[in-house]
Amino acid sequence: MHITSDFLERDIVFGGDKKLEQLCREVKEMFPLAKGISVQSECPIGLIGDDIEAVSKKMTRELGIPVIPVGCEGFRGVSQSLGHHIANNSISDHVLGKKKHDKTTQYDVNLIGDYNIGGNAWASRKILEEMGLRVLTQWSGDATINELAIAPSAKLNVIHCYRSMNYICRYMEDNYSIPWVEYNFFGPTKTYQSMRKIAQFFDDRVKEKTEEVITDNKPSMDGVIEHYRQRLEGKTVMLYIGGLRPRHVIGAYEDLGMGGIAAGYEFGHNDDYKRTYPEMKEGAVIYDDATPYELEELTKRLRPDLVGAGVKEKYAYHKLGVAFRQMHSWDYLGPYHGFDGFAVFARDMDMTVNSPTWNLIRRRK
Amino acid sequence: MKVIDHNELFKGQDYLRQFETKKEFELPCTPEEVSSVSEYTKTADYMQKNFARTALTINPAKACQPIGAMLCACGFENTLNFVQGSQGCVAYFRSHLSRHFKEPVAAVSSSMTEDAAVFGGLNNLLEGLENAYNLYKPDMIAMSTTCMAEVIGDDLSAYIKQAKEKGCVPHYMMVPFAHTPSFVGSHITGYDNMLKGILSAVTPEKKPEKTGRINIIPGFETYTGNIREVKRLMSLMGQPCMVLADTSDSMDSPNTGQYRLYPGGTPLEEAKTAINAEATFSLQKYATVKTGEFIKEVWGQGFYALPMPVGIRKMDEFLDTISSLCGKPIPQEIDDERGSAVDAMIDSHPYIHGKRFAMVGDHDLLLGIMSFVIEMGGESIHVVCTNGDKSFEADAYQLLSSSPHGKNGKVYIAKDMWHLRSLMFNEPVDLLIGNSYAKFLWQDTSTPLIRVGFSAV
């Protein structure tokens, strides 16, 4: 769904606050079951000085549902990363802790920073539940506003995408004393490690169940590795993605015998790079906010067997004849997280690296 | 090895159980609430409220000006798209064009942030131009704007002049520009503005003798095959032509193991002679309003806004106009192809005759599709053009009134796909024509979708 105020010239001239009020009323009328409205602002809103905070406050009262302002004009900050931070703050201010879940247990966790691309969050949730944990909140892929509101009822926050959602974890740590732990559900090696790391926060029951789940899944994971590793062994990977993936997927590639030789972020911060260095082998190249020119030069010199980036890069690599996967959208497949996701990941990397189509290219001098 | 991905995985019992237990935390609406509201949205009562909306737009079938400007500039040789404004917009334009064409789309942004909001975007433009020129070595830089640059009032003409004075780009460098605020018009307006900007920049002088060629402007054409077909037809007629903003190769380049930043496009040296052509023909009237005025008034050249050649009648109009104006008869080969197409239409008319259509898209494409549907005996019942104006409305009604098969049709300008949803529930149709975003209407109303337009993936 694409809900917009469709700003026109007259709105720029006269301001859009009245239009936004009316818009909220119409949203409620058109979608009577809506449990909240988030108002996100584009560049002109901030530049002309519209007050979406005031309008949101007024409409929250009038409509009886939360209307949440997110002042995320495109010109603010150097990248989309600030948008994550602003949205985290909006949720802390307007949603978090507004409700309580009646029945809590000592095994309650929030699954944070999973956007459910290709069903990733479901594949991850499955593992946590099998470990004996109860997931209160799945944040924010396939979540409802109630889930976000009850989040402080949990005992532990487990966070996948550190970049986009560390803010809300820190907020809950400071205000609700909820500890948080980073995890990585890409590839069996990292998944086993992460499961054990999460289990450390709980009693022996969870620790034992965790070992059981690992034991149960290991044969099928070994089967995936056995099948695909022989086809992918020694292949090199170059990544240029966002969020957590440039470091988090390295382990999954290594499970398949592949090696990450280069990685970079579109909107990473220093703390992302600190977390990336240990994942990369000696001699790997790390870059930040690379231009297409830089990417092309790096590709020519590093000669990776596979490149993972986004749709803007995809077709340039196809022209270069370099195997390419979209590592934001999983090329509309997935999931890649967890045990169920690893088989899909392995299949997809194999189909691309070993596709016969690359050999059809007749290169011109 | 059998691998189960998202297509089947989440239908498994373990996941269905997960979704069920998750509801405890979701506090979802009850199934009764969902089904009752779902039914309510299909009613006439809801449609009335839906059409009474004044502030809210839901699923509009339009994009914004800079993306049109970018597609236009992609149609010129060695031309780099430069967007003055904040960078997120540009990432979106590139992604959107790439998804449709399955081609790389290069563009640079001056990446304006808070300081530009306060002090203006001059420094971003100067540094941006210098970097872009040195790194990507274009022959021409086509500059458009995002909302941000427009709201703060960046003056591109003055800024580019300064850039040349300061040596950021050589003084001879062509830097055509178009102000393309997204809060005015749509992608076709941006296309028009940029084409006018480029033509103003590349046409230095008018010569007394003509080139014997005609110019053809495809408009915001998102099917590269259409442009190639027009060139082929002109070649069969023996009519030399130059396509202005020729995206046929830049948006569909062969794989040769090389990435070329600027494949194809109208050669700039040739574009300079466009002013001396016999006449200019636009295949999209609504995407070339200002460009047409410019060609008529500044170039003093004949400008003919032809219909988009979709279907037999519009195709006839296109070929006949060029044939009579250029004095080139339509060869037997083209007439044979026409005959084959008519034969196919006669053979298949029982599938279309009397079928009711809903359609949504851009002005010129809609007029073409409506005309074709009428030819086949189909009925264009709901015609929605989000970026449509009164002039389009009049054109569309005129077309509908030209045939008994058009009498039940209604045209909706400045309406979105949520309006169309109500229309389709209250006055159902057999088939839906629209871009890929119309798939939601297909899902909701179970009306089969024929994907035509931008973007179609």
Side-chain angles (χ1 to χ4, degrees), chain A residues 1-9 11-12 19 22-23 26-27 29-30 32-33 42-44 47-48 74-78 80 101 118-119 122 125-126 129 136-138 144 146-147 150 227 291-293 296 311-312 314-316 318-321 333-335 340 343-344 347 361-364, chain B residues 1 3-6 9-10 14-15 18 22 25-29 33-34 37 49-50 53-60 85-89 91 94-95 98-99 102-106 111-114 116-117 135-136 146-148 151-152 181 183-184 253 255-260 418 437 440:
Chain A
M1 294 290 285
H2 175 191
I3 308 269
T4 170
S5 54
D6 192 12
F7 246 53
L8 300 176
E9 202 159 19
D11 303 312
I12 302 284
K19 188 177 192 177
Q22 178 60 18
L23 181 147
E26 289 175 8
V27 165
E29 188 168 36
M30 288 290 100
L33 297 179
E42 291 180 346
C43 291
L47 294 169
I48 66 174
F75 63 81
R76 295 177 65 182
V78 292
Q80 73 186 71
H101 197 65
W122 296 328
R125 186 185 186 107
K126 184 180 168 190
E129 288 182 350
L136 286 190
T137 301
Q138 184 174 302
T144 65
N146 190 65
E147 288 174 68
I150 62 170
H227 183 82
T291 65
Y293 177 83
E296 194 184 344
V311 72
K312 298 193 294 297
K314 182 182 176 82
Y315 299 103
H318 282 189
K319 298 290 185 210
L320 279 169
L333 291 165
D340 288 339
V344 184
R347 177 199 68 181
I361 298 171
R362 186 176 289 161
R363 290 179 189 273
R364 288 184 195 162
Chain B
M1 180 175 229
V3 173
I4 302 168
D5 64 19
H6 69 94
L9 183 64
F10 301 116
D14 41 357
Y15 282 104
Q18 180 192 113
K22 183 174 178 289
F25 315 105
E26 290 175 344
L27 213 72
C29 302
E33 280 174 323
V34 172
V37 168
K49 291 199 170 84
N50 194 5
R53 278 188 275 135
T54 59
L56 173 65
T57 299
I58 309 168
N59 298 343
S86 44
Q87 68 158 15
C89 299
R94 292 179 60 207
S95 301
S98 268
R99 279 197 194 102
K102 309 275 180 262
E103 291 290 316
V105 178
S111 200
M112 284 158 61
T113 55
E114 286 96 336
L135 208 49
Y136 298 112
T146 74
C147 290
M148 181 182 184
V151 173
I152 66 176
F183 45 81
V184 176
S253 68
N255 195 318
T256 59
Q258 272 182 326
Y259 168 55
R260 286 180 298 154
W418 199 253
Y437 296 105
F440 299 110

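Below, chain A is the first sequence line, B the second, and so on; all start at residue 1.
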Among [options], who wins on heavy-atom pairs under 4.5 Å with chain A?
| options | result |
| --- | --- |
| B:Q18, B:R260, B:Q87 | B:Q18 |
| B:I4, B:T54, B:V105, B:I152 | B:T54 |
| B:F440, B:Y437, B:Y136 | B:Y136 |
| B:P181, B:A55, B:P28, B:C29 | B:A55 |
| B:G85, B:A116, B:C147, B:A91 | B:A91 |

Any idea which heavy atoms bring [X] and [Y] closest together, and the distance?
| X | Y | result |
| --- | --- | --- |
| B:V37 | A:P32 | CG1-CG, 3.9 Å |
| A:L47 | B:V151 | CB-CG1, 3.6 Å |
| A:K319 | B:S253 | NZ-O, 2.7 Å |
| B:L9 | A:D340 | CD2-CB, 3.7 Å |

Who wins among [options] for the most heavy-atom pairs under 4.5 Å with chain B?
| options | value |
| --- | --- |
| A:R364, A:Q22, A:K19 | A:R364 |
| A:E42, A:R76, A:M30, A:Q138 | A:M30 |
| A:R363, A:K126, A:H227 | A:K126 |
| A:R362, A:R125, A:E9, A:E129 | A:R125 |
| A:V344, A:L33, A:I3 | A:L33 |

Give a yes or no on whether the backbone of [Y] and the side-chain of [X] come within a donor-acceptor separation of less than 3.5 Å.
| X | Y | value |
| --- | --- | --- |
| B:N59 | A:M1 | no |
| B:N255 | A:H318 | yes |
| B:E114 | A:G77 | yes |
| A:E26 | B:L56 | yes |

Does any backbone or side-chain atom of [X] lie under 4.5 Å from a heavy atom of chain B? Answer side chain, backbone, both or neither.
| X | answer |
| --- | --- |
| A:R347 | side chain |
| A:E296 | side chain |
| A:Q80 | neither |
| A:I150 | side chain |
| A:I12 | side chain |

>> Report which part of B:S111 has an atom under 4.5 Å of a heavy atom belonging to chain A: side chain, backbone, both, or neither.
In response: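 Neither part; nothing is under 4.5 Å.
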>> Run the salt bridge (charged side-chain N to carboxylate O under 4.0 Å, His left out) test against B:R94 and tell me which residues pass, sequence neighbours left out.
In response: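 Once residues adjacent in sequence are excluded, B:R94 has no partner under the salt bridge (charged side-chain N to carboxylate O under 4.0 Å, His left out) criterion.
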> Within a strict 4.5 Å, meaning less than it, do heavy atoms of the B:L27 and A:T144 side chains meet?
Replying inline: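 Side chain of B:L27 against side chain of A:T144, heavy atoms only: no contact under 4.5 Å found.
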> Any ion pair linking B:K22 and A:E147 (charged N to carboxylate O, less than 4.0 Å)?
Replying inline: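 Result for this pair is yes, salt bridge flagged.
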> Parallel under 30°, tilted from 30 to 60°, perpendicular over 60°: which one fits the rings of A:W122 and B:F10?
Replying inline: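 Taking B:F10 first and then A:W122, their aromatic rings stand perpendicular (interplane angle over 60°).
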> Do A:K314 and B:S98 have side-chain N/O donor and acceptor atoms under 3.5 Å apart?
Replying inline: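 A:K314 vs B:S98: no donor-acceptor pair found between side chains.
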